[in-house]
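Have a look at the structure below before the remarks.
Nothing fancy with the numbering, it's 1 onward along the sequence. When a ligand or atom number is given, it counts from 1 through the structure's own listing order. These numbers come from the heavy atoms of this one structure, side chains and all, not from hydrogens, waters or symmetry mates.
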Amino acid sequence: MTPTQTDTTGAWTRDRLHELVSDRLKGIKLIAVSNREPYIHTKSGSQIQCKVPASGLTTALDPILRASNGVWVAHGSGDADREVVDHRSRVRVPPNEPSYTLRRVWLPKRIEDEYYYGLSNEGLWPLCHMAFQRPKFSLNNWQSYREANELFAEAVLDEAAGQPAFVFIQDYHLGLLPRMLKRSNPNLMIAHFWHIPWPNCEAFRAFPWKQELLDGLLGNDLLGFHLRYHCTNFLETIDRNIEALVDTEHRNVSKSGHITAVRPFPISIDFAKHVTTAASSAVQSATLEWSEVIGTAPEILGIGIDRIDYTKGIPDRLNAVDHLLEEHPEYVGRLKFVQVGVPSRVAVEDYRRLNEDLAAQIDRINRKWARGEWKPIVFVRRHVDQVALMALHLMADFCMVTSLHDGMNLVAKEFVASRIDGDGVLILSAFTGAARELTDAVIVNPFAVEEVAEAIHLAINMPAVERRRRMNRMRAVVSSNNIYRWAGKIVQTLSGIDNTESAVAPDKFEEMDMLATVGAGR
Ligand code: ADQ
């Protein structure tokens, strides 16, 4: 073990994660699994382009895969994806520096629709978020979810080829996969990260196929959530629904002689990279482009950046801006609020309706308050690249993250990381995972319109010294709890070497060390 790996106070960097993975997973194949692929091939005229979908997940998993020459199994969704793979649906990535293998899973259109849009996004997504959106369940969708998980399982098992391997599964699309894998190859060490909240057991009661989903998740050796609170909810759900032994103190579940460790791992961003880019000249150029979008520079600029999703509380936030203008007419003509929203999951009816409602709401508020050229809300309904988002972060006086419920929320962390000037105020929903770490934000209940409006007033009038004190403390938190720490802690915990926290039960340590030894000797 190198000194950097034992140094638990040192910063987590890409290199440190790389070293940890090289050392701990030596000889053990690493297989990451997610619905979304890290590289996507698309047609552009007669050319094929390879794009990296903007995602924090790729940032975190890419160094792990590079360090271990691993395999990433994911749904091949690009229109040129089939043209670049070999007979086993594999392609080496990244294209300019091939370091690991992307194994694509092909999902028939009906299965994709019913598994991804149906069960995952119309069923599990609203079920797990307390956003008062009724989940929809249908047996067809559930059967397709099972079939899609089976297709992923086939690909993973083929890659593992009966040998021990470390499988790292992502998210709620693949809840049945762990059990399918464990049943077929008990030598696999399986970790799974659930990126959204786990609801309390009363809410989960509505899910029609509880036993099968929960049993699926108990195929994991390690199951991670962002928060302790989500771990506790999960353990209670198991306790009420499944014949298993729940050790609440150590957060372990034992079923049929197999232990699943349930642990919190708050996800984050690549803070160092973010800071370097925020200081670049590209961000300065992007600032000029925003001036054209925003129009006459306002005295006070507020921003919101989201996927257009009903969990993000966008209408609530806009109502708060409206209410602020009612209560504090001194801001009329002086404040502009820029809402950047990228349409998402528009194949789902609830999302389509939200897009329409949002456009109507913004129109209503702007008509109500318009004065000459000025209107309070500027809506930018599209994907905006990270450089332009950083420029906007740096221009803003305050950023609003008002999710009704959110596992973590990376927008809050990105705003804080961009503020290399140490200024700006973050208004943050208490119902985000991020609120547990960013306690120097102005914390609000997004359902309480008056409270959110007063928070904006407070943010605008916060003395500079106070703003900077809060921002610098938040920056220190995100700098230290970065994405490499998230990934490193998961690898450490699964390989049983975490000395810093009470990790896996003692007998589990031994079992994992044995597996590691078996793998290393190969
Ligand atoms: P999401 O619900 O997608 O993720 P979030 O964590 O906020 O939510 O991340 C959104 C990402 O999309 C951010 O990186 C943001 O910059 C980007 N983004 C948003 N609007 C954009 C736009 N208009 N243009 C370009 N990019 C935009 C799920 C969970 C979260 C959890 C993450 C990670 O719901 O709670 O934080 O996974 O685990």
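- Under a 4.0 Å criterion applied to the non-hydrogen atoms of V342, ligand 1 contributes the atoms 20 (N), 21 (C), 22 (C), 23 (N).
- Contact atoms of ligand 1 toward I267: 33 (C), 38 (O) (distance under 4.0 Å to a heavy atom of the residue).
- Numbered from 1 in the order shown, with element, the atoms of ligand 1 that lie under 4.0 Å from a heavy atom of Q386 read 16 (O).
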Go through the steps to decide whether T296 and W374 satisfy the test side chain to side chain donor-acceptor pair (under 3.5 Å), and finish with yes or no.
CA-CA 8 Å; T296 312; W374 178 87; over 6 Å; no
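- Taking only nitrogen or oxygen atoms, main chain and side chain alike, H129 does not reach within less than 3.5 Å of ligand 1.
- Proximity to V340 (heavy-atom distance under 4.0 Å) selects the following atoms of ligand 1: 23 (N).
- Here the shortest heavy-atom pairing between F337 and R317 reads CZ-CD, 3.6 Å.
- Contact annotation: W125 has at least one heavy atom less than 4.0 Å from an atom of ligand 1.
- Nearest residue to atom 37 (O) of ligand 1 from M408, H195, R381 is H195 (criterion: closest heavy atom).
- Considering only non-hydrogen atoms, atom 2 (O) of ligand 1 lies nearest to R307 out of H393, R382, R307.
- Considering both main-chain and side-chain atoms, G407 comes within under 3.5 Å of ligand 1 through a nitrogen or oxygen pair.
- An N or O contact shorter than 3.5 Å is missing between L389 and ligand 1 by distance.
- A salt bridge does not link R36 with D171: none of the charged nitrogens is closer than 4.0 Å to a carboxylate oxygen.
- Residue-level proximity to ligand 1 for T432 is absent, since no heavy atom of it falls below 4.0 angstrom.
- Just one residue in the list N355, D357, D350 forms a side-chain hydrogen bond (donor to acceptor under 3.5 Å, both in side chains) with R353, and that residue is D350.
- Interface of E414 with ligand 1, defined as ligand atoms under 4.0 Å from a residue heavy atom, comprises 13 (C), 14 (O), 15 (C), 16 (O).
- Of all non-hydrogen atoms in G488 and L20, the two that sit nearest each other are O-CD2, 3.6 Å.
- Shortest non-hydrogen contact noted between V21 and S68 is CG1-CB, 4.0 Å.
- Against a heavy-atom cut-off of under 4.0 Å, D406 is close to the following atoms of ligand 1: 30 (C), 34 (O), 35 (O).
- Under 3.5 Å, the side chains of Q170 and H195 contain a donor-acceptor pair of N or O atoms.
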Report the C-alpha distance between R146 and E212 in whole Å, list the side-chain angles of each, state the deciding distance to 0.1 Å, and finish with yes or no for salt bridge (charged side-chain N to carboxylate O under 4.0 Å, His left out).
CA-CA 10 Å; R146 195 189 289 126; E212 194 178 342; 2.8 Å; yes
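- Annotation: I305 places no N or O atom under 3.5 Å from an N or O atom of ligand 1; distance criterion only.
- For the residue pair Y484 and D15, no side-chain donor N or O sits within less than 3.5 Å of a side-chain acceptor on the partner.
- Residue H226 has at least one heavy-atom neighbour below 4.0 Å for each of these atoms of ligand 1: 31 (C), 38 (O).
- If you check the side chains of D309 and Y351, you find a donor sitting under 3.5 Å from an acceptor.
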